[in-house]
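What you see below is based on every heavy atom in this structure, not just the backbone, and it leaves out hydrogens, waters and symmetry mates.
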Amino acid sequence: MKKFICVLFAVVFTFGAFSAAANGEYSDYLDVPLYSECAMLVCTDNDEVIFSKNINKQTMPASLTKVITASVILSECEDLDEMFTVPESCLTELQGTGSSLAGLKAGESVSIHDLLCCLLIHSGNDAATALACWSTGSDRQAFIDKMNALAESLGCVNSHFTNVHGLDDEDQYVTCADMAVFFENAFKYETFAEICGMTSYTLPESNMQKERTIRTTNFTLMPGYKDYYCKYEQGGKTGTTSGAGCCLVSKASNNGYNYIAVCMNSIKEDIDNDYVDENGAFVDTKAMYDWAFGNLRLVPIASSARIVGEVPVRYGKDADRVTLCPGSNSYGLMPKGVDESGLLIEVIDDTAPERLTAPVHKGDYVCKGRVLFSGDVIAEIDLVSSSDIKRSFLSLFGTTIEDIFSSPVFKALVAAAAVVFLLLVFSRRAAKKKSRPKSNYETLKQSDFAKKGERKK
């Protein structure tokens with residue numbers, strides 16, 4: 001997989017099925033290397049993985065954890081204007097952790113919506129603990145169980161959570177492939193998508209604090225950061241810890257093309273010698289989006305009218321082979337200037353039958369095929385029969401008789417019949433010999449005649 005890899009997640013549903021090797025081939029198609037240890041760009045329009053680097057490696061997620069925390073809350077809360085009073089315990093448990101905080105106070109009454117803003121825009125760990133308390137009270141493990149249950153329900157079996165905010169824990173880990181699934185699922189919530197796209201938000205005056213403004217930690221949304229700014233990005237979530245490095249998951253759209261980018265365990269270094277440390281996750285995200293939007297187009301890669309192979313057919317009328325074609329018109333993301341004529345479609349031999357038996361109907365599934373570009377597999381497709389082939393009854397009769405007489409079973413039956421016949425013949429002869437009646441005449445020997453002559457004398 002050098003340019004891009006097609007996967008069908010599913011999964012289930014799902015991107016949970018994403019799988020790609022981490023050989024660094026992405027560098028052949030980007031002007032710069034990726035600084036993130038784990039990185040991924042996937043097109044959500046057809047689930048194509050465009051770039052991949054260690055996408056199934058388990059790594060600490062830092063505050064990307066909050067994507068799951070928010071998803072659980074949004075799945076449960078029917079009224080985001082509901083007010084919640086922040087318990088003191090939600091703040092004291094974070095003391096001494098060096099946590100990123102939104103400045104909530106014990107006893108402060110805040111709406112669930114505003115807590116989500118503190119969670120996703122400013123990445124406040126205090127908002128994470130407060131939301132978990134809203135859901136399950138003091139039973140924190142019960143909320144964590146909900147997070148893991150959500151991951152499992154999405155088919156993301158390579159991820160596991162032990163806390164709600166993302167502080168480093170060896171038993172808390174995710175993969176790039178799973179994080180893409182988490183983010184796509186969360187983005188289905190209108191409130192999540194809206195909040196993740198904000199660069200700032202003004203918290204209204206509460207019972208304990210005046211009106212104040214919180215600002216995003218995601219500089220790829222901000223035009224003032226030219227090294228990071230992604231023009232078409234709709235929203236994202238950052239994360240940074242000593243164990244997880246710099247992280248970012250985001251979504252971008254333009255001209256009907258939609259992508260999710262995930263960068264994890266990236267660097268914070270001066271990579272361009274400007275005496276300022278750059279966030280590698282931000283740099284990598286921009287590089288992948290810029291390349292994809294600038295170079296890829298969705299084009300037909302497999303036309304249903306294209307003949308790509310053939311398979312022998314038994315008992316066919318006027319035909320002993322059927323040609324194969326793609327089961328439907330398929331589309332894929334290809335570099336500008338590349339169309340179907342530059343692609344090769346070949347039959348996957350171990351899926352093809354040795355022969356078919358007539359009748360064969362046009363459109364019948366036969367086997368699998370693969371689409372290749374520059375020698376790389378970019379898609380797998382179904383191959384079907386391109387025409388109808390009727391059954392020839394004369395051919396069927398003749399071939400059936402021939403098959404019967406040449407079959408091992410028939411030969412074995414003939415041999416068995418011959419053995420039985422010989423056994424019957426020999427048994428009948430033996431029976432006749434045994435049942436033959438004895439003679440009524442006395443058998444005389446030569447000595448008997450001599451004795452009779454002596455008596456006469």
Consider only side-chain N and O atoms of [X] and [Y], and report whether a donor and an acceptor are under 3.5 Å apart.
| X | Y | answer |
| --- | --- | --- |
| Ser123 | Ser63 | yes |
| Asn158 | Asp178 | no |
| Asn125 | Ser100 | no |
| Thr285 | Ser250 | no |
| Glu340 | Ser303 | no |
| Thr241 | Asp168 | yes |
| Thr220 | Asn218 | yes |
| Glu310 | Thr323 | no |
| Glu76 | Ser135 | yes |
| Ser206 | Glu108 | yes |
| Thr162 | Asp169 | yes |
| Ser253 | Asn258 | yes |

Working note: Tyr289 + Tyr229, criterion ring pair (Phe, Tyr, Trp, His ring centres under 6.0 Å); need CA distance, chi angles, decisive distance, verdict. CA-CA 10 Å; Tyr289 281 148; Tyr229 179 55; over 10 Å; no
Side chain of [X], backbone of [Y]: donor and acceptor closer than 3.5 Å?
| X | Y | value |
| --- | --- | --- |
| Arg212 | Leu203 | no |
| His113 | Leu80 | no |
| Tyr189 | Ala70 | no |
| Glu48 | Leu333 | yes |
| Thr65 | Ala62 | yes |
| Thr213 | Thr202 | no |
| Glu278 | Ile271 | yes |
| Asn54 | Lys57 | no |

Is the number of heavy atoms from other residues, nucleotides or ligands under 6.0 Å of Gln141 CD greater than 12?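 Counting other residues, nucleotides and ligands, CD of Gln141 exceeds 12 neighbours.
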How about CD on Glu152, more than 12 heavy atoms from neighbouring residues, nucleotides or ligands closer than 6.0 Å, or not? no
Check whether any side-chain heavy atom of Cys38 lies under 4.5 Å from a side-chain heavy atom of Val262, and answer yes or no.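 No, side chains not in contact.
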Scan Asp350, Asp382, Asp349 and name whichever one has a side chain to side chain donor-acceptor pair (under 3.5 Å) with Lys368. Asp382
With a 4.0 Å cut-off on N to O distance, would you call Arg140 and Glu93 a salt bridge? yes
Give me the ring orientation class for Phe51 and Trp291: parallel if the planes are under 30° apart, tilted from 30 to 60°, perpendicular past 60°.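 The arrangement is perpendicular - the two ring planes meet at more than 60°.
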Anything under 30° is parallel, anything over 60° is perpendicular, the rest tilted; go ahead and classify Tyr228 against Phe219. parallel
Identify which one of Thr92, Leu104, Leu94 satisfies the side chain to side chain contact (heavy atoms under 4.5 Å, CB included) criterion when paired with Thr129.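 Option passing the side chain to side chain contact (heavy atoms under 4.5 Å, CB included) with Thr129: Leu94.
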CA sep, side-chain torsions, deciding dist, call: Tyr259, Tyr232, ring pair (Phe, Tyr, Trp, His ring centres under 6.0 Å): CA-CA 10 Å; Tyr259 297 96; Tyr232 303 113; over 10 Å; no
